Structure formats: structure tokens, C-alpha cells
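What follows is a set of notes on a single structure, which appears directly below.
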Amino acid sequence: MNIMKERTHCVIMAGGIGSRFWPMSRADRPKQFLDFLGTGRSLLQLTYDRFLPLCAPEHIHVVTNARYKDLVLEQLPALSPAQVLCEPDRRNTAPCVAYASQVVRAIDPQALMIVAPSDHIVLKEQAFHDAVRTALRQADAGEHLVTLGIKPDRPDTGYGYIRFVDDPGTVAPEVKRVVAFTEKPDHATAVRFLESGDHLWNAGIFVWSLASIDRAFHTHLPRMKALFDSGAGRYGTDQEADQVKRIYDEVENVSIDYGIMERAANVRTVVSDIGWSDLGTWGSLYAQLPKDAAQNAVVGGGVHLYECSGNMVHNQDDRLLVMQGLDDHIVVNTPHAVLVCRKHDEQQIRRFVDDLKQPDGGRHV
């Protein structure tokens, strides 16, 4: 194993609930634990597989809500329980990164870290590995916080954008200096970003040295850093869970993007073309799937379509599903619920879920 691979630790963030993918994604089994692509592997398992060429299996850590620990170990049996870091409550991504950094420091203070969500799609895996290795080289060469930037192919308003400029001091031409972040712009702004040629989608996949992210927390989120530093010596021991519970009772709810990346001056990005999607909605899944001649995307068997076009159909069980004359809809069949929703109204799914929580305490969500 090469020296950089030995020093690299990967942190997979797997604590979300994925309400926009109801009825497949439910509180007791969120989207990261589901097979959306029909491959026989869940999104979490695909993410784990993707990082195995980049670091040792014992250096992959999954951060999740405590209620999902057994589910993580069931899906990733190669992990030891110590590799599953359990958050007692959801506090966004900055505390998640701060917690994981403490655990990694207890193993190797000289470590390089990759931080990635568990629910993204990457279709070009070799290009992904090349981009991450470039990011690791940049993180090792200087005190930089590195993110993967995705070349946009449409003016998508659901993604954050990065504006970059050339930086001759980086390890490769595709590594650029980040000068601005913009969260989910309106359509006109997204069109301008696409046409400018100097904007990328922010993939939310980060690479840095442990020393660099520690300094960033000290500068930009000092109270959070102090809270997690207070547990030094307890991480990796049987006192860890109690210590983390005390910290999470006090720590602020803030994303790593807002808390650190948008404030830091030492951010670099690797311009990447990796077949990426953050898989945030049924519509984003539809965009990634193969289509039939009528532009229907179907996952699962037993589906028969007549005079239908532009639909996203996901059949999760063996029930026969026959559709006629339906266009541009999301149709999801699961053992406990069926969803039929216009594709352009998919943001309403969160409202459906909220409404379903009221009558019976959330039995269906």
C-alpha cells in the first residue's frame, strides 16, 4: 500500500432521513440504505465500494444517527462497531466533521481526510478516483481545504455553485482557487453561471489534512472546536458515547459549507467530470436512469406501460403495475404505500410527509 493511501481516512456521512424520496425512504430505513438503481446495492454500499481503492477498509468511518448503527453494520459487515460513529441528534454537517476529526486524530494525527455524503451517484468511477487523488495531493502539499467541483451541464437551481480562478501554484492544472460560493441561485443566475465558464457545482465532497481542518475549526468555529476538544482521550473508548451526547446537547446546528468553507480563504477545487448527482429528489434519479423510447424510466419488474411518456416508475415489490395514458409523473409502489405525483410538483412530497405525520404519529413515514 502506498504511503498516501495508508494516511487517508474516509468519512461517510449517513445520518439523513431523505423525506423527498418517500414512500421508499422512511424514518426507519432512509434513502442511503435503499437500492434506488436496481443494482442490488444500497447507496451507502455503493459509496463504501467507491472509496475502497482510495484508503484501507479499516480507515473508512461512517457517521450516522445512533438509531441506524445496526443497519450500517448489517449493510457493511466488514466494518467494526468502532468505525460507526453515532450521533445522538442531528446537528448538520459541521459537528459531524468535527466529531469524525477527533476520532481520526486518535488513530493518526498526520492523517488526510475525505468527507463525503452517502447518497450520491458517481457514474465515472475511474475519473472520480483520479479527482480525489489529485485533491489528496493538493491537501498534502499545502494548508488547503479542497472540494470537488462538478462541471455543470445545465442551469440547475437545486445545487450550490463555486466560482473559481486559475492558481499556478497548485499541484495540477485542474486544481483552481475558489473565490465565491453561491447557494441555490435563481434560474437567471444559474444560466449566467453556466455561460460564464468559471462556475462549478459544489459536490459536497471534501478533502483536507487533519491539521488544516483543525485550524479551520479554530478560526471559524472556535466554540465547536473547544466542545469537541473537551472529549480528548475519550474518543475510541467506552466513554465516547456519553461524551458525544454531552457535546451534542450544546453544539450549534451549522453546515460545514456555511460554517467553514464559505468563510475560509484557503479553499481549492478540483474541476471534475465524474458523472455525479446528489440524488436529492425523484427527478434527479429520473435524470440518471436509462429511458425507453417514450422517455419513461423504470426500476423494478412487473411494470406495463401503455401510451405513457416521461414517467419515473419505481416498483419495489412483485405487484403487477399497469399504467395507461399517464405522462410526466412519479409513480412509486412499495409494500406499505403508493405515490402518484406530477414530476414538476415533486417538492410537494415533503408536504405530503408532514401531513401524514399528523393523524397517526408518523406510522406511514
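We use all heavy atoms of the structure for the numbers below, so side chains are in, but hydrogens, waters and symmetry mates are not. Predicted model only: the values in this text are computed from it and were never measured. Residue numbers count from 1 along this sequence.
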Open item on the list: Within this structure, what is the CE-CD1 distance for the pair Met13 and Ile205, rounded to the nearest 0.5 Å?
Closed with: 9.0 Å
Task: Separation between CZ of Phe181 and CG of Leu200, rounded to the nearest 0.5 Å - done: 10.5 Å
- [ ] Using the side-chain hydrogen bond (donor to acceptor under 3.5 Å, both in side chains) rule, collect all pairs that involve residues 70-79, keeping only residues at least two apart or in two chains.
- [x] Ser42-Gln75
- [ ] Applying ring-ring contact (aromatic ring centres under 6.0 Å, His included), name anything that partners Phe206, two or more places apart in sequence or on another chain.
- [x] Trp208
- [ ] State the CZ-CG distance between Arg105 and Asp229, to the nearest 0.5 angstrom.
- [x] 6.0 Å
- [ ] Please name the pair of heavy atoms, one in Leu73 and one in Leu79, separated by the smallest distance, quoted to 0.1 Å.
- [x] CD2-O, 3.8 Å
Open item on the list: Can you give me the closest heavy-atom contact between Thr64 and Val72, atom names plus distance?
Closed with: CG2-CG2, 3.9 Å
Task: Polar side chain donor-acceptor pair, Ser101 to Asp214, under 3.5 angstrom - done: no
Task: Transitive ILVMFWY cluster of Leu194, excluding itself - 4.5 Å side-chain cut-off - done: none
TODO: Kindly work out whether a path of hydrophobic side-chain contacts (I/L/V/M/F/W/Y, heavy atoms less than 4.5 Å apart) joins Val338 to Leu326.
DONE: yes
Task: Same apolar cluster: Ile162 and Ile150, side chain cutoff 4.5 Å - done: no
- [ ] Check the pair Leu46, Arg50 against side chain to side chain contact (heavy atoms under 4.5 Å, CB included), reporting the backbone distance first and the verdict last.
- [x] CA-CA 6 Å; Leu46 291 173; Arg50 191 178 305 133; 4.1 Å; yes
- [ ] Grab the two heavy atoms, one from Pro95 and one from Glu252, that are nearest each other, plus how far apart they are.
- [x] CG-O, 3.5 Å
TODO: With sequence neighbours left out, write down each residue that passes ring-ring contact (aromatic ring centres under 6.0 Å, His included) with His199, or none if nothing qualifies.
DONE: Phe193
Task: Partners passing ring-ring contact (aromatic ring centres under 6.0 Å, His included) against His120 (at least two apart in sequence or in another chain) - done: Trp276
Open item on the list: Check for me, please, whether Val254 and Ile213 land in the same ILVMFWY cluster - side-chain distances under 4.5 Å, paths through other members count.
Closed with: yes
Task: Within residues 142-169 or reaching into it, pairs that qualify as salt bridge (Lys or Arg N to Asp or Glu O under 4.0 Å) - sequence neighbours excluded - done: Glu143-Arg215, Arg154-Asp156, Asp166-Lys176, Asp167-Arg268
Open item on the list: My understanding is that only residues two or more places apart in sequence, or in another chain, count here; which of them pass ring-ring contact (aromatic ring centres under 6.0 Å, His included) with Trp282?
Closed with: Phe21, Phe36, His314
Open item on the list: For Leu221 versus Gly259, what's the shortest heavy-atom pair and its separation?
Closed with: CG-O, 3.9 Å
Open item on the list: Measuring from atom CD1 of Ile247 to atom CG of Leu227, what distance do you get when rounded to the nearest 0.5 angstrom?
Closed with: 6.5 Å
Task: Non-neighbouring partners of Ser80 that pass side-chain hydrogen bond (donor to acceptor under 3.5 Å, both in side chains), sequence neighbours left out - done: Gln83
Open item on the list: Checking Asp249 now: which residues fulfil salt bridge (charged side-chain N to carboxylate O under 4.0 Å, His left out) with it, not counting sequence neighbours?
Closed with: Lys245
Open item on the list: Could you check whether Arg246 pairs with Asp242 (Lys NZ or Arg NE/NH1/NH2 to Asp/Glu carboxylate O, under 4.0 Å)?
Closed with: no
- [ ] Taking only Lys NZ, Arg NE, NH1 and NH2, and the carboxylate oxygens of Asp or Glu, determine whether Asp108 and Arg7 approach each other closer than 4.0 Å.
- [x] no
TODO: Return the minimal non-hydrogen interatomic distance between Val62 and Ala14, and the atom names on each side.
DONE: CG1-CB, 3.8 Å
Open item on the list: Connecting only ILVMFWY residues whose side-chain heavy atoms lie within less than 4.5 Å of each other, what is the rest of Val165's hydrophobic cluster?
Closed with: Val179
- [ ] Kindly determine whether Ile114 and Leu136 satisfy side chain to side chain contact (heavy atoms under 4.5 Å, CB included), including the steps that lead there.
- [x] CA-CA 8 Å; Ile114 308 165; Leu136 286 165; 4.2 Å; yes
TODO: Just grab all the ring-ring contact (aromatic ring centres under 6.0 Å, His included) pairs involving residues 254-274, residues at least two apart or on different chains.
DONE: none
- [ ] Identify, with sequence neighbours excluded, every residue that meets side-chain hydrogen bond (donor to acceptor under 3.5 Å, both in side chains) alongside Tyr248.
- [x] Glu87
Open item on the list: To check you understand the geometry: which heavy-atom pair defines the closest contact between Lys31 and Asp119, and what is its length?
Closed with: CE-OD2, 2.7 Å
Task: Side-chain ion pair, Arg20 and Glu346, N-O less than 4.0 Å - done: no
Open item on the list: For a quick check under 3.5 Å, do Asp130 and Gln126 share a side-chain donor-acceptor pair by atom type?
Closed with: yes
Open item on the list: Surrounding NE2 of His218 (heavy atoms of other residues, nucleotides or ligands, distance under 6.0 Å), is the total greater than 12?
Closed with: no
- [ ] Please step through side chain to side chain contact (heavy atoms under 4.5 Å, CB included) for the pair Tyr235 and Leu85, ending with a clear verdict.
- [x] CA-CA 10 Å; Tyr235 300 104; Leu85 313 185; over 6 Å; no
